[in-house]
Amino acid sequence: MYPMRHTRLKPEIPVLAPQQRAGVLLPLPLAGAYDYKLPVGVNAARGALVAAPLGNRESLGVVWGAAEGTVGDNRLKIAEPLEGAPSLPSSLCDFIDWVAAYTLNPPGAILAMALRSRQAFEPETRRIAYVKGDLVPSRLSEARKRVLAVAEDGLARSVAGLAEDANVSPAVVRGLIAARALKTTDLPEFQPFATPDPDFTVRDLGADQAQAAVALTDAVARGNFSASLLDGVTGSGKTEVYFEAVAEALRRDRQILILLPEIALTMQFLERFAARFGVKPAEWHSDLTQKERRRTYRAVMRGEARVVVGARSSLFLPFTELGLIIVDEEHEQAFKQQDGAVYHARDMAVVRARIEDCPIILSSATPSLESHANAINGRYVHLTLPARHGAAAMPAVRIVDMRQEKSLDENSKWLSQPLRDAITQTLAAGEQAMLFLNRRGYAPLTLCGACGHKLTCPSCSAWLVEHRYKKRLACHQCGYEIAAPQTCPGCSATGTLLACGPGVERVAEEFAHFFPQARYAIASSDTIQMPPHTGPLETQGPLRAMAKGDIDVLIGTQIMAKGHHFPNLTLVGVVDADLGGSDGDLRARERTFQLLHQVSGRAGRAEKPGLVLLQTRNPADAVMQALARGDRDGFYAQESEFRQRAGAPPYGRLAAIIVSGYDGDAVREIARQLGKAAPAAKDVKVWGPTPAFYALLRGQTRERLLVQAAKGVDVQAYLKAWLALVKIPNSVRATVDVDPISFF
Ligand SMILES: [Zn+2]
Ligand SMILES: [Zn+2]
């Protein structure tokens with residue numbers, strides 16, 4: 001339970017006064033709200049925060065609604081209000097209920113996400129500071145004179161602050177305090193957030209941009225719910241366009257939430273925002289310290305933070321004047337939370353906008369098929385930016401058929417002759433290149449050439465990935481690591497272990513073999529140690545080095561695909577365009593298209609034209625053909641037709657039940673019982689149980705069941721009725737995933 005350090009209102013309970021009762025929701029995965037008594041005369045409205053006894057502990061709780069009323073007054077415990085804590089906005093309470101009902105999570109589990117900073121409700125502690133006092137000491141040393149001269153401006157400073165500004169020791173300042181030449185005052189615990197200025201700078205927008213900006217500022221001016229898809233090719237200036245909507249919302253004194261898919265993108269975004277609005281916005285993500293969380297949460301709740309930029313969890317912040325939500329890179333899978341409460345932040349952002357009755361903007365160069373369909377059928381306003389901003393043109397895309405590639409042998413396994421030629425020309429022209437492979441490490445599989453033994457993770461059904469610079473093998477699912485072995489664990493032979501397939505480190509090794517003079521770096525999320533000649537760099541280091549022109553070639557994973565602007569980058573080589581396209585996943589094609597489109601879009605973003613080479617063994621594949629023709633809309637049309645025929649989202653509904661636990665037999669038995677118990681229903685099909693893609697993950701056995709339903713079916717009601725039929729023991733977990741985006 002959470003430690004409570006509140007000073008509470010001492011309830012004065014008049015003996016004969018009637019007691020108020022209320023349903024109080026606790027931030028715990030319980031079935032619903034619990035009844036409590038409230039002291040008479042305190043705020044019993046929905047959203048009021050209370051300290052609620054639970055067993056022999058105490059929990060933070062929120063008044064949620066009327067009491068159920070089945071338990072007698074004498075058996076109810078008393079929940080006491082938190083002194084000075086503002087209530088949660090009722091719209092946030094409504095949102096929590098909605099998310100819980102849709103995702104089939106207990107409302108308390110969703111509330112827990114909205115109460116991430118419990119310390120935010122504790123009373124503010126003031127900081128002690130000093131200003132010029134009333135007395136002037138009779139004897140003034142030079143040091144003392146300097147301190148009083150500094151204090152002349154009337155600003156409050158700490159002892160250390162005064163000492164530093166006057167260039168004296170803290171003892172001098174303390175002497176003046178004792179002599180009452182300085183007196184105490186106090187300051188708020190936190191620096192207030194500066195208000196962004198909507199007119200700090202004004203950008204020149206192109207005609208398409210200006211038109212889209214007008215549509216968005218109009219939506220903000222109207223104020224009520226509307227959803228717009230800002231659908232623009234990479235480099236078309238979508239951010240500048242939605243910044244105009246942010247400016248309009250600021251002018252109208254509304255709060256604004258901007259959701260980004262990854263924290264890694266936040267730093268550059270904050271700078272970009274500050275360049276437009278004069279100050280940085282408030283941030284909200286898992287990298288914040290407790291103190292920063294407390295500061296931001298309080299400021300959002302009190303309306304002092306006007307703009308918040310954050311990861312998906314910022315969707316549950318207690319905004320009181322929310323007037324605009326933006327979801328940037330709306331197609332990104334990172335918006336789906338897979339651990340704990342499973343939900344999709346993009347979809348739930350649309351719900352929050354509807355509950356707050358404010359506009360929402362979804363922005364992407366490669367929208368999700370769902371959002372694209374909503375834009376085509378008119379549920380979302382479709383704003384397109386078909387051209388790149390300024391002089392830049394879209395890059396030319398060429399396919400390299402790796403089945404025909406004669407140049408590949410023992411020494412060159414991954415870089416084809418056409419790609420090597422293009423790199424040579426690019427470097428000769430003094431331009432930059434990027435080699436993309438969405439696989440970290442050196443090799444995805446280590447295999448014994450003598451006995452065929454594969455090195456796998458003991459806790460997951462996954463291969464161990466070799467990281468050669470670190471001389472280690474690692475599981476990318478659970479983080480398990482071992483030193484690279486010299487002998488085979490299967491047959492004890494020495495020197496028989498073979499690296500199979502490439503990761504970015506191996507591509508870099510081959511690149512260095514062909515281009516020994518080129519300056520290059522590896523960019524992947526686990527970049528810890530670089531090849532000896534480049535030295536250790538942090539994750540963002542290689543990207544910055546590329547942007548500054550300190551290196552010629554960047555070799556990396558999808559971490560390179562977004563954010564940084566590389567004006568001198570003219571060549572993108574996709575080492576294995578087929579990767580990820582064949583895992584049987586419903587969204588694999590869409591994801592491959594989005595990723596390759598995004599990576600390709602890095603080339604030629606300034607005046608110089610760009611070239612993209614796609615190395616593939618499936619040159620006739622629809623994804624490759626659409627990329628080569630630059631026919632994005634053709635791909636969407638074809639993929640929509642495919643989904644329509646399959647009754648797949650967005651034309652049908654899916655939901656998954658993942659059964660997991662450490663006792664494999666128990667998991668398989670419950671999954672089997674669930675499979676047998678699935679109720680027959682019109683327009684509903686149930687598949688499975690089958691072992692999940694990762695049948696073993698972090699030591700837990702996993703089985704999946706999939707529900708496929710027609711669009712109008714109440715999937716939640718179906719799942720609820722179904723799950724009620726099987727008693728699930730404590731050792732087994734059944735997690736519901738409504739609208740799954742992957743089948744892992
Ligand atoms: Zn062996
Ligand atoms: Zn593992």
Side-chain angles (χ1 to χ4, degrees), residues 262 286 333-334 336-340 342 410 413 437-506 524-529 539 557-559 579-580 582-585 588 591 656 658-668 671 689-704 731-735 737 740-744:
E262 287 166 50
S286 56
Q333 285 207 80
K336 179 94 182 191
Q337 171 154 309
Q338 305 280 15
D339 298 328
V342 178
E410 269 311 295
K413 279 179 154 157
L437 179 69
N438 208 16
R439 220 187 235 158
R440 295 186 278 142
Y442 183 83
L445 168 64
T446 302
L447 179 90
C448 173
C451 75
H453 181 86
K454 293 172 181 168
L455 278 88
T456 56
C457 175
S459 311
C460 307
S461 43
W463 295 335
L464 292 178
V465 178
E466 181 183 356
H467 290 253
R468 192 157 283 193
Y469 299 127
K470 288 198 285 179
K471 298 188 171 58
R472 297 185 77 77
L473 301 183
C475 171
H476 285 179
Q477 298 309 313
C478 72
Y480 170 84
E481 269 190 44
I482 52 168
Q486 301 303 309
T487 55
C488 170
C491 68
S492 302
T494 303
T496 55
L497 294 174
L498 307 168
C500 301
V504 282
E505 291 178 7
R506 200 170 195 180
S524 79
S525 57
D526 59 358
T527 302
I528 295 169
Q529 191 113 40
T539 303
T557 61
Q558 62 178 329
I559 205 160
L579 203 62
S582 56
D583 54 11
D585 196 318
R591 272 203 301 272
I658 300 107
V659 186
S660 61
Y662 292 102
D663 180 347
D665 290 338
V667 167
R668 281 182 288 271
T690 54
F693 185 89
Y694 290 110
L696 191 66
L697 191 64
R698 297 177 199 98
Q700 299 203 39
T701 298
R702 300 166 77 244
E703 295 262 320
R704 292 183 68 100
S731 63
V732 175
R733 231 182 102 116
T735 308
D737 183 357
I741 58 163
S742 70
F743 295 164
F744 289 129

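Fair warning: this is a prediction, and the values are worked out from it, not measured in the lab. First listed ligand is number 1; within each ligand, the first listed atom is number 1.
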Under a 4.0 Å threshold between the charged nitrogen and the carboxylate oxygen, would Glu505 count as salt-bridged to Arg468?
no

Listing by chain and number, what protein N/O/S atoms are under 2.8 Å from the Zn ion (ligand 2)?
Cys457 SG, Cys460 SG, Cys475 SG, Cys478 SG

Examine distances only and state if a side-chain atom of Thr557 and a backbone atom of Ser524 form a donor-acceptor pair shorter than 3.5 Å.
no

How long is the span from the CZ atom in Arg698 to the OG atom in Ser660, to the nearest 0.5 Å?
10.5 Å

Does any N or O in the side chain of Arg439 come within less than 3.5 Å of the main-chain N or O of Gly501, such that one atom is a donor and the other an acceptor?
no

Looking at SG of Cys500 and CG of Leu447, how far apart are the two atoms once the value is rounded to the nearest 0.5 Å?
4.5 Å

Residues forming a ring pair (Phe, Tyr, Trp, His ring centres under 6.0 Å) with Tyr694, sequence neighbours excluded:
Phe744

Starting at NE2 of His453, measure out to CG of Leu497 and round the result to the nearest 0.5 Å.
8.5 Å

State which residues pass salt bridge (charged side-chain N to carboxylate O under 4.0 Å, His left out) with Arg704; sequence neighbours excluded, sorted by chain then number.
none

At distances under 2.8 Å, what protein N, O or S atoms surround the Zn ion (ligand 1)?
Cys448 SG, Cys451 SG, Cys488 SG, Cys491 SG

Side-chain (Gln477) to main-chain (Ala462) donor-acceptor, under 3.5 angstrom
no

